[in-house]
Amino acid sequence: MRIIYETSDGGVAVIVPTPEYLLTHTMEEVAAKDVPAGANYEIVEDSVVPSDRTFRGAWTWA
Amino acid sequence: MATIINADTSDGLKLTSDTSGQIDLQSAGSTKATIDTSGNLKFNSGFGSVGTAYGCRAWINFNGTGTLAIRDSGNVSSVTDNAVGKYTVNFATNMPDINYSVSGIAQDTVSGSSSNSPSVTIQDATSSTTTSTLTINVITGNGQSFIDSPIANVQIIR
């Protein structure tokens, strides 16, 4: 699972939790701690995030 | 004085205690390690004398290519993929202040090309180091672009 959120410049950041932290915390707790305050975010499956990073800078929040 | 646990060469284990709050580990009457009243762990272990051990307070090894993958870590809750070669390391437990020391290294992306030998740097912004996060860049050896490295390592000492 990943957490995606809208950055202040309209782009998208992807939060990848560490396996060690997920042993004792939930994705919701990771989001509460590591997503910047006020940012729109969503918890998604790994497959939602593209592996092709050729146009990584062009990713936008939709 | 201190509470002393001494592995004596003639009498075996000897325990001497007081109310100072410090603990000394001794071998043949010579102090080899100490936990002082501030909780500082001090040991010799090749220093030549008993000195404070400064710990690695956070570390991570991740693959920044494709879909970012974390191999292993310590005291890191997550890594934020901000863009190509741009990441934020989020600490599980905050640092006591922002005066920590950072080191990092990343794997080359093109064999035999020095211009692609990457460097790990702290991002050029005042907000790059906080008590809860560290924002880094991985850049090409010639400094001309950001790159995703298959092995990116960061350690924080405090």
Side-chain angles (χ1 to χ4, degrees), chain A, chain B residues 56-95 106 109 118 123 125 127-128 130-140 145-156:
Chain A
M1 302 290 281
R2 310 280 158 128
I3 302 161
I4 57 176
Y5 70 86
E6 184 177 21
T7 59
S8 57
D9 60 1
V12 175
V14 182
I15 294 177
V16 183
T18 60
E20 62 153 336
Y21 200 70
L22 286 181
L23 291 175
T24 53
H25 296 78
T26 65
M27 289 297 290
E28 287 75 15
E29 289 172 328
V30 175
K33 190 180 86 64
D34 294 341
V35 174
N40 294 319
Y41 76 90
E42 189 174 339
I43 298 170
V44 299
E45 296 291 337
D46 292 0
S47 58
V48 171
V49 179
S51 58
D52 184 348
R53 296 172 64 81
T54 306
F55 299 104
R56 173 64 180 87
W59 294 3
T60 57
W61 185 267
Chain B
C56 177
R57 297 308 178 108
W59 63 273
I60 189 158
N61 176 336
F62 67 92
N63 180 351
T65 64
T67 302
L68 192 150
I70 296 166
R71 292 187 181 85
D72 212 341
S73 64
N75 191 29
V76 175
S77 60
S78 67
V79 174
T80 305
D81 163 20
N82 300 309
V84 170
K86 299 181 178 182
Y87 314 96
T88 299
V89 178
N90 301 298
F91 304 133
T93 299
N94 289 357
M95 299 297 147
T109 56
Q123 193 178 82
S127 60
S128 294
T130 74
T131 56
S132 59
T133 64
L134 167 69
T135 301
I136 60 168
N137 295 332
V138 179
I139 59 174
T140 55
S145 59
F146 300 98
I147 55 170
D148 293 321
S149 173
I151 301 176
N153 295 325
V154 179
Q155 306 91 38
I156 292 91

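Letters A, B, ... are given to chains in the order of the sequence lines, protein chains preceding strands, and every chain is numbered from 1. Not measured: the values here are computed from a predicted model.
- Distance check: A:Arg53 CZ to B:Ile147 CD1 gives 12.0 Å after rounding to the nearest 0.5 Å.
- Here ring pair (Phe, Tyr, Trp, His ring centres under 6.0 Å) pairs that include residues 7-38 of chain A, with residues two or more places apart or in two chains, are A:Tyr21-A:His25.
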Trace of the side chain to side chain contact (heavy atoms under 4.5 Å, CB included) decision for B:Ser78 with A:Val16
CA-CA 5 Å; B:Ser78 67; A:Val16 183; 5.9 Å; no
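- Separating the OG1 atom in A:Thr18 from the CG atom in B:Asn61 is a distance of 12.5 Å, to the nearest 0.5 Å.
- Ranked by heavy-atom pairs shorter than 4.5 Å toward chain A, the options B:Gly74, B:Ser77, B:Gly66, B:Ser132 are led by B:Ser77.
- The pair A:Arg56-B:Asp148 fails the salt-bridge criterion, with no side-chain N (NZ, NE, NH1 or NH2) lying under 4.0 Å from an Asp/Glu carboxylate O.
- Both the backbone and the side chain of A:Pro17 come within contact range of chain B, with heavy atoms under 4.5 Å apart.
- B:Asn75 and A:Glu20 get closest at one heavy-atom pair: N-OE2, 3.0 Å.
- Within the 4.5 angstrom heavy-atom criterion, no atom of B:Phe62 approaches chain A.
- Going from atom OG1 of B:Thr67 over to atom CG of A:Asp46 covers 7.5 Å, rounded to the nearest 0.5 Å.
- Under the 4.0 Å criterion applied to side-chain N and carboxylate O atoms, A:Arg2 and B:Asp81 are not assigned as salt-bridge partners.
- Looking at A:Val35, neither its backbone nor its side chain comes within 4.5 Å of chain B, counting heavy atoms on both sides.
- For a residue to count as touching a neighbouring chain, one of its non-hydrogen atoms must lie under 4.5 Å from one of that chain's; by this rule A:Val14 touches chain B with backbone and side chain alike.
- Using a 3.5 Å distance cut-off with no hydrogens or angles, the side chains of B:Thr80 and A:Asp34 do not pair a donor with an acceptor.
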